[in-house]
Structures are given as structure tokens and as C-alpha cells.
Trainee: 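Below you'll find the structure I mean.
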Amino acid sequence: MSFKNVYFADLMEKVIKRNPAEPEFHQAVREVLESLEPVVERRPEFIEKGVIDSLVEPERIIKFRVPWVDDNGKVQVNRGFRIQFNSAIGPYKGGLRLHPSVYEGIIKFLGFEQIFKNSLTGLPIGGGKGGSDFDPKGKSDMEVMRFCQSFMTELSKHIGADTDVPAGDIGVGGREIGYMFGQYKRLRNEFTGVLTGKGLTYGGSLARTEATGYGLCYFTDEMLHDNGSSFQGKTVVISGSGNVAIYANQKATELGGKVVAMSDSNGYIYDKNGIDLACIQQLKEVERKRIKEYITTHPTAEYHEGCSNIWSIKCDIALPCATQNEISEESAKKLVANGCIAVAEGANMPSTPEAIHVFQSNGVLFGPAKAANAGGVATSALEMSQNSMRYSWTFEEVDAKLKNIMINIYRNSAAAANEYGMKGNLVAGANIAGFLKVGESMLAHGVI
Ligand code: NDP
């Protein structure tokens with residue numbers, strides 16, 4: 001799709017020129033700008049007062065060296081990032097990703113998306129993201145600890161409970177957050193809620209681990225109900241087998257669905273009897289093994305090398321929960337041909353623009369990441385609240401708040417799409433609803 005609005009077309013060109021060779025960031029900006037065209041028609045001041053120009057430029061980019069010593073005594077050097085994208089509605093908030101594919105463009109796209117996602121939660125959190133090209137896979141516990149300590153030694157200068165509160169993402173779970181929190185506390189001599197996703201013994205929130213996957217299913221359930229359907233009796237395919245995928249599986253199953261496939265970055269498993277989640281949790285959360293090991297204990301299941309063919313499995317509901325751009329146009333066409341009725345994104349930007357077009361033009365219900373996977377960051381914000389109060393809510397209390405937030409995100413996104421003449425287009429609706437609160441706040445703050 002090309003822009004009708006000349007200002008947006010020029011701005012997009014400027015973004016590409018200013019951020020060369022960062023295709024993921026360009027993709028994320030283009031999608032949001034396309035959605036905002038009808039908004040600026042009604043509210044030209046967002047352009048006139050520089051809000052849109054400022055929106056696509058991070059407030060701050062921090063890039064640093066992360067030296068650490070491996071188990072052989074050899075010095076390794078990685079690169080660390082924190083992008084503090086927008087603080088109009090609250091302290092920067094967003095995860096840290098540890099994956100060899102991390103570079104500035106990935107963190108920028110994630111930080112940009114985070115602005116709107118965080119706004120959609122209705123909670124006071126701005127947008128940020130960080131990470132490193134460090135690969136935790138195959139590293140010993142001590143190597144991961146030394147890396148995390150070195151990473152935090154620099155990052156600690158730039159974050160704080162009221163400034164910027166990082167969390168987990170790909171490659172960063174409870175173990176990594178623990179090492180980083182320990183190092184922050186030591187360096188600053190401060191016990192504050194500076195990170196979320198913490199262990200329950202030192203300030204973590206109940207239900208945070210489950211939140212993104214559960215939230216994804218609450219959102220999907222609401223979207224299905226609004227369209228006269230539900231998870232009950234549906235076949236579900238979930239990519240990934242990490243934090244988001246595991247708890248999406250648990251909740252989808254609880255809501256009456258049957259999850260028949262999951263994956264990791266090497267390949268996918270198909271179990272027509274329904275995936276044995278306890279086995280996946282043992283392999284992934286405890287033993288940190290590859291998903292193909294599943295078939296050694298489940299001989300009737302199949303393992304296939306390579307990830308993308310997971311989308312050729314017949315299903316009613318697809319929940320991509322691995323990584324960006326994992327559903328291509330071709331995969332989307334296979335899902336449609338196999339009768340898939342709903343796709344909701346657990347991962348960030350897992351569908352290419354072409355794939356989204358295939359879903360939307362074939363009447364597939366489509367829940368975009370910034371709305372559908374906002375449950376993780378929403379619960380992180382609830383963790384911040386509990387830390388500020390020095391109090392803990394029960395699992396049921398947090399889960400009930402999460403469910404309520406996800407239902408509201410669906411309804412607000414659907415209502416915004418409706419109001420701007422794009423009924424059913426949750427991509428546009430989420431972008432608009434997320435933007436409006438941030439845009440109004442930026443207008444109120446003046447040129448800063
Ligand atoms: P994890 O590291 O726990 O799991 C990631 C899963 O995706 C693993 O199964 C991994 O396989 C697979 N994967 C990672 N990279 C690739 C790749 N390039 N190709 C194929 N598979 C891949 O991460 P999370 O579950 O936390 O995150 C998954 C997605 O959800 C990400 O897009 C993240 O940004 C998003 N997200 C996460 C939130 C959270 O609360 N954790 C919140 C909102 C969004 P392998 O083990 O082989 O690497």
C-alpha cells in the first residue's frame with residue numbers, strides 16, 4: 001500500500017534514509033503511518049506540531065560494549081543496546097532480547113512497537129527495548145551470569161524504577177533477569193523494581209511468567225466471541241516453544257482448544273493427539289534441550305526439520321509465538337486454504353505485511369502483536385505497581401486484571417477501527433487507539 005498523504009510519504013522516505021539497512025524498523029513504521037492517515041485528516045495538529053516527526057525518532061539510543069570472560073578464560077566482546085523510544089506517558093518499558101540476530105534495527109522496531117502496545121494496556125508506561133547479539137544457547141550458567149553482569153554494569157547507568165524498567169524477551173527469562181537484578185542492586189545499593197519478570201522471592205509478580213501467553217488467549221477468545229466463535233473444539237498450531245508459546249498452549253487448552261504443533265528454531269513437532277505440554281516444559285524450561293527430543297518419548301508424533309512448514313498443518317487457529325516475519329505470504333495462503341479462521345500474534349511482528357494482507361482479504365480474524373501480546377508488558381506494569389506499594393497480589397488477582405486488560409485492548413482496538421471506517425481491521429484499530437493517548441500527551445508536553 002502506498003501513502004495517500006504526501007507528508008507521510010516524505011516522512012517514510014526520511015525514516016529509510018536516516019535508518020539505512022534497518023528493514024524491520026521500516027516495516028513497523030510504515031504500518032503505523034498507514035494506519036494514522038485517517039487520524040491526521042481529522043487532527044492535522046499532530047503533523048503541524050511535529051508529533052509524528054518526533055514519534056519516529058527515538059528519544060535516546062544507547063549502544064555499548066559488553067566484554068565478558070568465557071569458561072576457557074577467553075575474552076568475548078558483544079554489543080549491547082537500549083533504545084529509549086518514547087516516554088510521553090510513562091517511564092520507558094520493554095524487554096531485553098539476547099539473540100545473535102540482534103542489531104540496532106531489530107531493537108528499534110521492537111521499541112517503536114512497544115510505544116503503542118504499552119499505551120494500549122491503559123497503564124502509564126512509555127516505550128523502550130534493548131538487548132544484545134550475545135547467544136545464550138550452548139553457554140554455561142556461569143558464562144550467562146558473567147555476560148549479564150557485564151551487560152548490567154553499563155545498562156545500570158541509564159535505567160531506574162522511574163526512568164526505564166527493562167524485562168525479558170527472547171533469550172531472557174527468570175535466570176537472566178535474576179543475574180541482572182543482582183548486579184544492579186550491587187552497583188547502585190538500591191532495592192527497587194528496576195526490572196520486571198523477577199523471581200517471586202525478590203519482588204516478582206505472580207502470573208508474570210504466564211502473562212503473555214495467557215493474555216494472547218484472552219485476547220483471541222474475545223475476538224472469537226465477538227465473531228460468534230470460541231476456542232472450544234478448535235485445532236490450534238503454535239510456533240515457538242519458549243515462554244510465550246508454552247503458556248499460550250496451556251491457556252488455549254484450558255479454553256477448550258487442542259494444540260497439535262509447536263516448534264523451535266530447528267524444526268517443529270506435530271502430535272495429532274495434542275501436544276503433551278508437561279513434556280515440552282521439561283525439555284525447554286528445565287533441560288534446555290531441542291524440541292526434536294519430544295519424539296523420543298512420543299513415538300506417534302512427527303518431527304520435521306525447518307520451521308516454516310508448521311503453517312502447512314491444518315488448523316482453525318494459528319498463534320505465531322516465535323519471532324518476527326515467521327509467517328510469509330505463502331504460509332498465510334496455506335493457512336487460509338486449510339480453513340484457518342483466526343490468527344493472533346504472540347511474537348512481535350511475526351506476519352509479513354503480505355501475510356497480513358492475505359488474512360485480512362480472506363476474512364481471517366487477525367489480532368496484531370501490539371494488541372494481542374500486550375499481556376506480558378501489562379503484567380510487568382502490574383509488577384511495578386506491586387513493587388511501588390511493597391505489596392503482592394495473589395495469582396487470581398493478577399490474572400483477573402490481565403484478563404480485563406486484554407478484553408479492553410480488544411474492544412478499544414475494534415472500536416477505533418470502527419470509528420475510523422475500518423471495521424474489523426484490528427491492525428489499524430490497535431495502531432490508532434495506541435497512538436491517540438501518546439499523541440495527546442506529546443501535544444500537551446510541547447516541543448521537547
Ligand atoms: P523465548 O526465548 O522464551 O522463546 C522463543 C522461541 O522462539 C523459542 O522456541 C525459539 O527457538 C524460537 N525462536 C527464536 N528465534 C527464532 C527464529 N529466528 N526462528 C525460529 N524460531 C525462533 O522467547 P519468548 O517466548 O519470550 O518470545 C517469543 C516472541 O514473543 C518474541 O517475538 C518476543 O518479542 C515476543 N514477546 C515476548 C514477551 C514476553 O513476555 N516474553 C512479551 C511480548 C512479546 P530456539 O529455542 O531454538 O531459539
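The model shown is predicted, which means the values in this text are computed figures rather than measured ones. Numbering of ligands and ligand atoms starts at 1, following listing order.
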Trainee: Find all atoms of ligand 1 within a distance of less than 4.0 Å from any non-hydrogen atom belonging to Cys321, and give their numbers and elements.
Mentor: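 It comes down to these atoms of ligand 1: 28 (C), 29 (C).
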Trainee: Which residues pass the side-chain hydrogen bond (donor to acceptor under 3.5 Å, both in side chains) test with Asp169, not counting sequence neighbours?
Mentor: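 With sequence neighbours excluded, Asp169 shows a side-chain hydrogen bond (donor to acceptor under 3.5 Å, both in side chains) to Arg97, Lys129, given in chain and number order.
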Trainee: If we only count N/O pairs under 3.5 Å, is Gly171 in contact with ligand 1?
Mentor: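 Gly171 vs ligand 1: N/O contact under 3.5 Å present.
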Trainee: Taking only residues at least two apart or on different chains, which pairs with a member in residues 375-384 satisfy side chain to side chain donor-acceptor pair (under 3.5 Å)?
Mentor: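 Matches after skipping sequence neighbours: Thr196-Ser380, Lys198-Glu383, Arg208-Ser380.
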Trainee: Considering only non-hydrogen protein atoms, determine which one is nearest to atom 13 (N) of ligand 1 and report residue, atom name and distance to 0.1 Å.
Mentor: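 That would be Ala322 CB, 4.1 Å.
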Trainee: Under 4.0 Å from any heavy atom of Asn348, which atoms of ligand 1 are there?
Mentor: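 Selected atoms, number and element: 32 (O), 33 (C), 34 (O), 35 (C), 36 (N), 44 (C).
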Trainee: Where is the nearest protein heavy atom to atom 45 (P) of ligand 1: which residue, which atom, and how far?
Mentor: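 Its nearest protein heavy-atom neighbour is Ser265 OG, 3.4 Å.
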Trainee: Check ligand 1 against His99 and write out every atom of the ligand that is under 4.0 Å from a heavy-atom position of the residue.
Mentor: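 Within the 4.0 Å cut-off of His99, ligand 1 contributes 15 (N).
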Trainee: State the atoms of ligand 1, each with its element, that fall below the 4.0 Å cut-off from a heavy-atom position in Arg208.
Mentor: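 Result: 40 (O).
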Trainee: Number the atoms of ligand 1 from 1 as they appear, then name those within less than 4.0 Å of a heavy atom of Ala347, with their elements.
Mentor: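 Counting atoms of ligand 1 from 1, those under 4.0 Å from Ala347 are 29 (C), 30 (O), 32 (O), 35 (C).
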Trainee: Which word best sums up how the rings of Tyr214 and Tyr247 line up, parallel for under 30°, tilted for 30 to 60°, or perpendicular for over 60°?
Mentor: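 Perpendicular: the ring planes of Tyr214 and Tyr247 meet at over 60°.
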Trainee: For ligand 1, is there an N or O atom under 3.5 Å from any N or O atom of Lys137?
Mentor: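 Yes, Lys137 has an N/O under 3.5 Å of an N/O on ligand 1.
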Trainee: Under a 4.0 angstrom heavy-atom cut-off, which atoms of ligand 1 come close to Gly346?
Mentor: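 Here the atoms of ligand 1 in question are 30 (O), 35 (C), 36 (N), 44 (C).
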Trainee: Only heavy atoms of Ser263, strictly under 4.0 Å: list the atoms of ligand 1 that pass.
Mentor: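 Numbered from 1, ligand 1 contributes 9 (O).
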